[in-house]
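The figures that follow rest on heavy atoms only: side chains count, while hydrogens, waters and symmetry mates do not.
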Amino acid sequence: MITHAYLESGMAILKARLASPAGEAPSSSMIVRPFITLSREVCAGATTLGRLLLPRLNAEFGEEGQEWVLMDRDLLSYALAHHELPDQLARYLPEDRVSEIDSLIGEIMGLHPSIWSLEQQVAQAIVQFAHVGRIIFVGRAAALLTQSLPGGFHVRLVASKDIRVRRMMSLHGMSANEAEAQIERTDHGRRRFVRSHFASDIDDPHTYDLVINTDRITPETATSLVMEGLRHHMRSAPRPAAERRADGAAAGPEHAAWRDEG
């Protein structure tokens with residue numbers, strides 16, 4: 001099912017958390033567990049940012065046996081493995097391209113479970129992983145799936161098409177025309193995925209806590225911005241009532257600090 005050693009290691013970490021009492025879904029009396037979602041335009045730098053974040057997150061928000069896990073290109077593999085489903089089913093669940101033909105073939109051939117059921121199981125796995133925390137999710141509309149969980153810090157990465165075309169050319173040895181066409185197809189597919197599954201606009205900045213333009217922000221600076229944002233988010237996240245009574249502090253963001261100036 002999962003053949004890469006780092007994926008097997010990540011699944012082992014997650015299974016251990018889910019099997020422990022602390023891996024149960026949090027309630028009002030339990031600590032809020034942090035996680036990050038990264039939504040991105042293609043070649044906006046999500047993989048680079050995720051890899052830079054891991055050591056800093058482990059140093060500041062990790063615990064022994066509770067290392068952070070990056071779910072990037074293999075997020076589907078994690079979700080399918082969680083439900084003990086074969087990794088080959090991932091081809092029927094693309095996030096970045098129109099897939100009606102593969103889906104139709106799967107339905108005609110009696111794919112079990114159905115495409116709809118597979119999507120539901122992937123979504124359930126993402127939410128359950130978010131409950132146990134210390135995960136960086138990349139894509140799959142994880143920000144929308146986990147909006148109700150207080151530990152989530154949601155980031156959107158964007159960049160100009162010219163910059164992304166140059167990155168795509170460098171990464172894959174494409175011509176400018178090929179890179180631009182690939183970017184347009186992928187961006188369109190992701191927008192369509194979010195619109196068809198969640199009736200939402202992936203580009204809506206109100207969905208996210210932080211939007212970063214990677215044209216102008218270096219990977220190191222972006223990493224520091226996300227770390228500072230997560231620190232503030234965890235300080236202002238809702239806490240158990242007993243803990244609030246102990247220090248007299250109110251839970252929630254500091255909305256009163258903002259003043260409308262038109």
Between the side chains of Thr48 and Arg167, does any donor sit under 3.5 Å from an acceptor?
no
According to a 4.5 Å side-chain heavy-atom criterion applied to Ile, Leu, Val, Met, Phe, Trp and Tyr, with indirect links allowed, do Leu38 and Ile183 form part of one hydrophobic cluster?
no
Cluster overlap Met168 with Leu49, hydrophobic side-chain contacts below 4.5 Å
no
Is atom CZ of Arg231 surrounded by more than 12 heavy atoms (other residues, nucleotides or ligands) closer than 6.0 Å?
yes
Basic-acidic side-chain contact under 4.0 Å: Arg164, Glu180:
no
Are any side-chain N or O atoms of Thr221 and backbone N or O atoms of Ile217, one a donor and one an acceptor, separated by less than 3.5 Å?
no
With rounding to the nearest 0.5 Å, note down the distance linking CH2 in Trp68 to CG in Asn58.
8.5 Å
Check the pair Ile36 / Leu57 against side chain to side chain contact (heavy atoms under 4.5 Å, CB included), numbers first and verdict last.
CA-CA 10 Å; Ile36 294 170; Leu57 289 167; 3.9 Å; yes
Taking all non-hydrogen atoms of both residues, which atom of Val32 and which atom of Pro150 are closest, and how far apart?
CG1-C, 3.8 Å
Linking I/L/V/M/F/W/Y whenever their side-chain heavy atoms sit closer than 4.5 Å, directly or via other members, would Met71 and Leu144 fall into one cluster?
yes
For Phe35 and Thr146 the tightest heavy-atom approach is CE1-OG1, 3.4 Å
Under a 4.5 Å cut-off applied to non-hydrogen side-chain atoms, are Leu145 and Phe137 in contact?
no
Spacing of CZ belonging to Arg56 relative to CG belonging to Leu52, to within rounding of 0.5 Å:
9.0 Å
For Glu220 and Ser224, test the side chains for any donor-to-acceptor distance below 3.5 angstrom and give the result as yes or no.
no
Heavy-atom pair of closest approach, residues Gly139 and Arg40
CA-NH1, 3.2 Å
Distance-minimising heavy-atom pair for Met174 and Glu178
CA-OE1, 3.5 Å
Val69 side chain near Phe129 side chain, heavy-atom distance below 4.5 Å
no
Is the side chain of His154 donor-acceptor paired with the backbone N or O of Thr207 at a distance under 3.5 Å, no angle test?
no
Would you say that Leu70 contacts Val138 through its side chain, given a criterion of any heavy-atom pair below 4.5 Å between the two side chains?
yes
Roughly how far, to the nearest 0.5 Å, is CD1 of Ile136 from CG of Leu53?
5.0 Å
Do you know the tightest heavy-atom contact between Ala143 and Thr37?
CB-OG1, 3.4 Å
Out of curiosity, Thr218 OG1 to Leu225 CG, how far, rounded to the nearest 0.5 Å?
8.5 Å
Might you point out which heavy atoms bring Ala179 and Val165 nearest each other, and give the distance in Å?
CB-O, 3.8 Å
Is it possible for you to say whether Ile126 and Phe193 belong to one hydrophobic cluster, with membership spreading through side-chain heavy-atom contacts below 4.5 Å?
yes
Residues in side chain to side chain donor-acceptor pair (under 3.5 Å) contact with Arg156, at least two apart in sequence or another chain
Ser39, Asp203
Nearest 0.5 Å, what's the CD-CG distance between Glu228 and Leu230?
9.5 Å
Taking only residues two or more places apart in sequence or in another chain, which ones pass salt bridge (Lys or Arg N to Asp or Glu O under 4.0 Å) with Glu63?
Arg134
Enter the distance from Arg166:CZ to Ile163:CD1 here, rounded to the nearest 0.5 Å.
4.0 Å
Are Val42 and Ile212 connected in the hydrophobic side-chain network, where two residues link if heavy atoms are under 4.5 Å apart?
no
Between Arg190 and Glu41, is there a salt bridge with N-O shorter than 4.0 Å?
no
